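No experiment lies behind these values; they were computed from the predicted model shown. Atoms within a ligand are numbered from 1 in the order they appear, just like the ligands themselves.
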Amino acid sequence: MKLLITGGAGFIGSNFIRYWLNKYPLDTIVNLDALTYAGNLENLKEIEENKNYKFIKGDICDADLVNKLVKGIDLIAHFAAETHVDRSVMGSSDFVRTNIKGTMVLLDAAKNNDNIRFHHVSTDEVFGSLDSNDSAFNERTPYAPRNPYSASKAASDHLVRAYFHTHKLPITISNCSNNFGPYQFPEKFFPLFITNLIEGKKVPVYGEGKNIRDWIYVDDHNAGVDAIIKKGKIGETYCLGGETELQNIDITKKILELMGKSGEMIEYVKDRPGHDFRYAMDITKAKNELGWEPEVSFEDGLKKTIEWYKNNEEWWRNIKSGKYQDYYKKQYSHELKK
Ligand code: NAD
Ligand code: DAU
């Protein structure tokens with residue numbers, strides 16, 4: 001198979017490319033990524049010489065480029081997005097542009113080139129926020145996004161489904177819960193807290209830390225996407241999650257314990273505006289129809305993640321200092337001048 005991966009220089013996309021080439025070494029991958037602040041080619045260093053892998057720096061909103069790249073492609077796996085909720089609170093426009101318009105450009109290119117198989121990577125946040133006693137989200141839960149990030153992802157899901165009904169585009173969608181693991185950009189909860197503690201800094205817990213997320217190790221998410229690509233029913237949505245609901249404060253205490261730090265390192269800070277209280281996924285459909293389920297326990301995943309950040313200080317220190325972007329300025333200076 002020849003795959004076009006969008007957003008493959010980000011956290012989940014880069015782990016997906018590594019996962020896929022390891023499992024299906026005869027497949028070829030084209031990775032289209034704009035290298036926004038969240039994209040980092042250091043994430044893919046060990047495969048950049050692989051003859052079945054090619055990186056293209058480009059924007060998914062660039063219809064001419066996308067139309068050229070989809071020629072001969074069997075499957076598009078669409079990971080590219082603006083992904084950080086706090087950034088979407090500061091401004092929505094990049095989110096609307098990339099997450100909605102970019103998805104539309106890809107869908108049109110897939111439609112206009114013999115209806116290429118399209119897998120859309122989405123999030124549990126499109127379903128809104130649960131109270132403590134509510135049942136977990138499932139594939140029939142009505143959409144109720146509550147922040148600009150999740151609203152833009154919800155719009156993209158609707159577009160993907162609309163192309164299935166209107167144009168018979170062979171699509172599938174996955175809505176997954178919160179991921180953690182190696183190569184996650186250190187603005188997100190796990191990598192921010194782990195790297196702050198290595199640096200001797202405090203960890204900023206929003207509000208009282210009572211919000212709940214359902215955590216999944218990134219390789220388990222990617223194995224779920226693989227299962228949908230191989231066995232999923234066209235036109236269907238699959239909910240993926242780790243079946244591990246935890247309060248932020250309990251995770252924080254666990255990270256402190258594993259890193260040998262005291263509770264004094266916790267700093268309670270102003271809450272995120274409109275902070276969704278709880279996400280939880282009912283993954284029965286994916287288990288029954290795909291034979292998929294998460295395999296990495298939270299405890300093991302957390303230990304592996306902490307070890308990875310301890311062993312890859314240069315990777316995250318370059319990001320925190322902004323140095324990682326100098327590399328791209330040099331490498332792509334001709335394009336930046338345009
Ligand atoms: P990320 O922010 O780490 O990476 C996003 C990647 O997309 C970056 O490499 C960036 O350069 C690229 N990108 C952004 N705008 C682009 C554009 N216009 N053109 C081309 N490339 C562009 O994100 P992530 O956490 O790896 O998330 C990947 C996908 O998974 C997203 O669609 C996200 O909504 C979804 N998702 C994430 C989680 C999570 O917990 N992180 C959970 C469920 C679903
Ligand atoms: O649920 C899936 C979503 O998970 C993805 O679609 C998003 O792309 C991804 O960013 C993530 O969204 P969250 O907002 O849940 O993740 P974040 O890592 O930003 O925050 C996780 C929880 O931790 C949330 O309740 C807010 C809290 N938090 C976060 C940060 C960055 C803190 O308490 N302090 C912090 O500094």
Enumerated ligand 2 atoms positioned under 4.0 Å from heavy atoms of [X]:
X      : result
Pro204 : 32 (C), 33 (O), 34 (N), 35 (C), 36 (O)
Phe193 : 34 (N), 35 (C), 36 (O)
Asp124 : 1 (O), 2 (C)
Tyr279 : 1 (O), 15 (O)
His84  : 19 (O)

Linking Ile, Leu, Val, Met, Phe, Trp and Tyr through side-chain heavy atoms less than 4.5 Å apart, which residues share a cluster with Leu26?
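When side chains under 4.5 Å apart are linked, Leu26 ends up in no cluster with other residues.
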Any N/O of Asp86 closer than 3.5 Å to an N/O of ligand 2?
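The answer is no, given that Asp86 and ligand 2 share no N or O pair closer than 3.5 Å.
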Ignoring hydrogens and geometry beyond distance, is a side-chain donor-acceptor pair present between Glu82 and Tyr149 at under 3.5 Å?
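There is no such pair between these side chains.
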Are side-chain N/O atoms of Asn175 and Asp157 paired as donor and acceptor at under 3.5 Å?
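Asn175 vs Asp157: donor-acceptor pair found between side chains.
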Among protein heavy atoms, which lies nearest atom 29 (C) of ligand 2, and at what distance?
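Its nearest protein heavy-atom neighbour is Tyr206 CE1, 3.6 Å.
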Closest approach of any protein heavy atom to atom 21 (C) of ligand 2, naming residue and atom:
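Result: Phe189 CB, 3.7 Å.
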Can you run down the side chain to side chain donor-acceptor pair (under 3.5 Å) pairs that involve residues 184-196, sequence neighbours left out, and say none if there aren't any?
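Output for this query lists Tyr37-Glu187, Thr83-Lys188, Arg87-Glu187, Thr195-Lys320, Asn196-Lys320.
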Rounded to the nearest 0.5 Å, what separation is found between the CD1 atom of Ile29 and the CD1 atom of Ile47?
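Here the rounded value is 6.5 Å.
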Taking side chain to side chain contact (heavy atoms under 4.5 Å, CB included) as the test, write out the residues that go with Cys239, two or more places apart.
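Partners of Cys239 under the side chain to side chain contact (heavy atoms under 4.5 Å, CB included) test: Phe127, Glu139, Met281.
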At a heavy-atom distance under 4.0 Å, which protein residues reach ligand 1? Sort them by chain and number, would you?
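Gly7, Ala9, Gly10, Phe11, Ile12, Asp33, Ala34, Leu35, Thr36, Ala38, Gly39, Gly58, Asp59, Ile60, Phe79, Ala80, Ala81, Thr83, Thr98, Val121, Ser122, Thr123, Tyr149, Lys153, Cys176, Ser177, Asn178, Asn179.
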Salt bridge flag under 4.0 Å for residues Lys68 and Asp62
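No, Lys68 and Asp62 are not salt-bridged.
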